[in-house]
Amino acid sequence: MNDLITFIKAAIIGVLSELFAFFAPIENNLVALVWLFALNFLFGLLADTLSGRRFSMRKAIACVTHATMFFALCASLYGIGFYQQMCTDVLHQCVSSFCWILIYCYSTNIVRNIRSVLRNDTPAYRTVDLLYSTLTLAFVKALPFVAEILKQRKEELHADK
């Protein structure tokens, strides 16, 4: 029985070592995603707690599920490109682009959560509000033709229903 446990431990260590070695070229991207998802979780939890809402296991599980899904997509993107023998530079650029898209999308959520925690009359709120407006391109909505286009799309959407 002891030999079986030792063999299983060795097999697990061997497989994990191979995976870490395989994904070593995109290690920085994966570490950045860990930070991104951790910040998203923490600021979401902080925003909910300070607004008087209780901890939601459903939201926590959804956050972890989304993070796992995006890690799997990033790893799959790298693995598929590697086995398709893509140029290393192109492969790294593809994975990096995917990570930057995730960083943009999750950063808007993080900044929105930070903004909801701050008081409206503080300089910190105004700074974070400006950052949120910039990230979400809210200033574009102030352009007259953009407002008209958005209005038309909304009317088309309601007409289809």
Side-chain angles (χ1 to χ4, degrees), residues 9-51 53 55-118 122-143 145-147 149-150 152-154 156-157:
K9 285 180 185 178
I12 290 172
I13 290 170
V15 169
L16 288 177
S17 297
E18 284 296 319
L19 283 174
F20 287 143
F22 180 73
F23 291 117
I26 61 167
E27 175 186 8
N28 292 340
N29 296 90
L30 296 176
V31 170
L33 290 181
V34 168
W35 277 99
L36 180 70
F37 292 125
L39 286 173
N40 183 55
F41 184 86
L42 290 174
F43 281 110
L45 180 63
L46 181 68
D48 280 352
T49 303
L50 293 178
S51 67
R53 292 188 291 260
F55 176 78
S56 170
M57 185 58 82
R58 183 187 59 79
K59 283 177 70 176
I61 290 173
C63 182
V64 171
T65 302
H66 293 159
T68 303
M69 183 176 61
F70 286 127
F71 275 113
L73 281 170
C74 189
S76 298
L77 187 64
Y78 178 76
I80 291 168
F82 179 83
Y83 287 112
Q84 288 292 323
Q85 298 176 345
M86 287 177 68
C87 173
T88 308
D89 292 338
V90 173
L91 182 56
H92 287 223
Q93 185 64 40
C94 185
V95 170
S96 181
S97 298
F98 176 73
C99 288
W100 277 110
I101 291 168
L102 288 175
I103 289 169
Y104 170 75
C105 294
Y106 275 86
S107 293
T108 57
N109 189 49
I110 291 168
V111 171
R112 181 180 54 82
N113 284 331
I114 293 171
R115 189 178 73 156
S116 73
V117 168
L118 299 172
T122 62
Y125 177 85
R126 289 191 294 273
T127 303
V128 171
D129 187 48
L130 178 63
L131 181 60
Y132 182 71
S133 297
T134 304
L135 284 172
T136 59
L137 303 175
F139 59 90
V140 174
K141 293 177 185 174
L143 299 172
F145 63 91
V146 173
I149 290 171
L150 291 174
Q152 287 175 353
R153 290 212 176 132
K154 193 173 188 179
E156 290 171 5
L157 183 66

Could you pull out the closest heavy-atom pair between [X] and [Y], with the gap in Å?
{"X": "L36", "Y": "L102", "result": "CD2-O, 3.6 Å"}
{"X": "N29", "Y": "S96", "result": "ND2-CA, 3.6 Å"}
{"X": "L91", "Y": "L77", "result": "CD1-O, 3.9 Å"}
{"X": "V117", "Y": "A47", "result": "CG2-CA, 3.7 Å"}

| task | Mind checking ring-ring contact (aromatic ring centres under 6.0 Å, His included) for F82 and listing every partner two or more places apart, or none if nothing turns up? | result |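 ring-ring contact (aromatic ring centres under 6.0 Å, His included) list for F82, sorted by chain: F22.
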Any chance you could measure [X], atom [atom1], to [Y], atom [atom2], to the nearest 0.5 Å?
{"X": "C99", "Y": "L73", "atom1": "SG", "atom2": "CG", "answer": "10.5 Å"}
{"X": "L42", "Y": "F37", "atom1": "CG", "atom2": "CZ", "answer": "13.5 Å"}
{"X": "R126", "Y": "L130", "atom1": "CZ", "atom2": "CG", "answer": "11.0 Å"}

| task | On the 0 to 90° scale, with breaks at 30° and 60°, tag the Y78-F23 ring pair as parallel, tilted or perpendicular. | result |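 Y78 vs F23 ring planes: tilted.
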| task | Test I61 against T65 for side chain to side chain contact (heavy atoms under 4.5 Å, CB included), laying out the working first. | result | CA-CA 6 Å; I61 290 173; T65 302; 3.9 Å; yes
| For F71 and H66, what are the C-alpha separation, side-chain angles and deciding distance, and is it a side chain to side chain contact (heavy atoms under 4.5 Å, CB included)? | CA-CA 9 Å; F71 275 113; H66 293 159; over 6 Å; no
| said: Taking salt bridge (charged side-chain N to carboxylate O under 4.0 Å, His left out) as the definition, give me every residue that meets it alongside D48, ordered by chain and number, with sequence neighbours left out. | reply: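 Listed in chain order: R53, K59.
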| field | Qualifying residues under salt bridge (charged side-chain N to carboxylate O under 4.0 Å, His left out), relative to R115, sequence neighbours excluded | value |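 For R115 the salt bridge (charged side-chain N to carboxylate O under 4.0 Å, His left out) partners, ignoring immediate neighbours, are D129.
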| query | Is M69 atom CE crowded by more than 12 heavy atoms from other residues, nucleotides or ligands, each under 6.0 Å away? | reply |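 Atom CE in M69 is crowded, with more than 12 foreign heavy atoms closer than 6.0 Å.
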| message | Does Q152 have more than 12 heavy atoms from other residues, nucleotides or ligands lying within 6.0 Å of its CD? | response |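 It does: Q152 CD has more than 12 such atoms within range.
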| S116/S51 under side chain to side chain contact (heavy atoms under 4.5 Å, CB included): CA gap, chis, key distance, verdict | CA-CA 8 Å; S116 73; S51 67; over 6 Å; no
| task | Identify which one of I114, N113, T108 satisfies the side-chain contact (heavy atoms from CB on, under 4.5 Å) criterion when paired with I110. | result |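 Considering I114, N113, T108, a side-chain contact (heavy atoms from CB on, under 4.5 Å) with I110 is found only for I114.
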| message | Checking R112 against N109 for the side chain to side chain contact (heavy atoms under 4.5 Å, CB included) test, could you report, in this order, the C-alpha distance in whole Å, the side-chain angles of both residues, the deciding distance, and whether it holds? | response | CA-CA 5 Å; R112 181 180 54 82; N109 189 49; 2.3 Å; yes
| query | Any donor and acceptor pair, going by atom type alone, linking the side chain of Y104 with main-chain N or O of L135 inside 3.5 Å? | reply |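 Looks like yes, one N/O pair under 3.5 Å.
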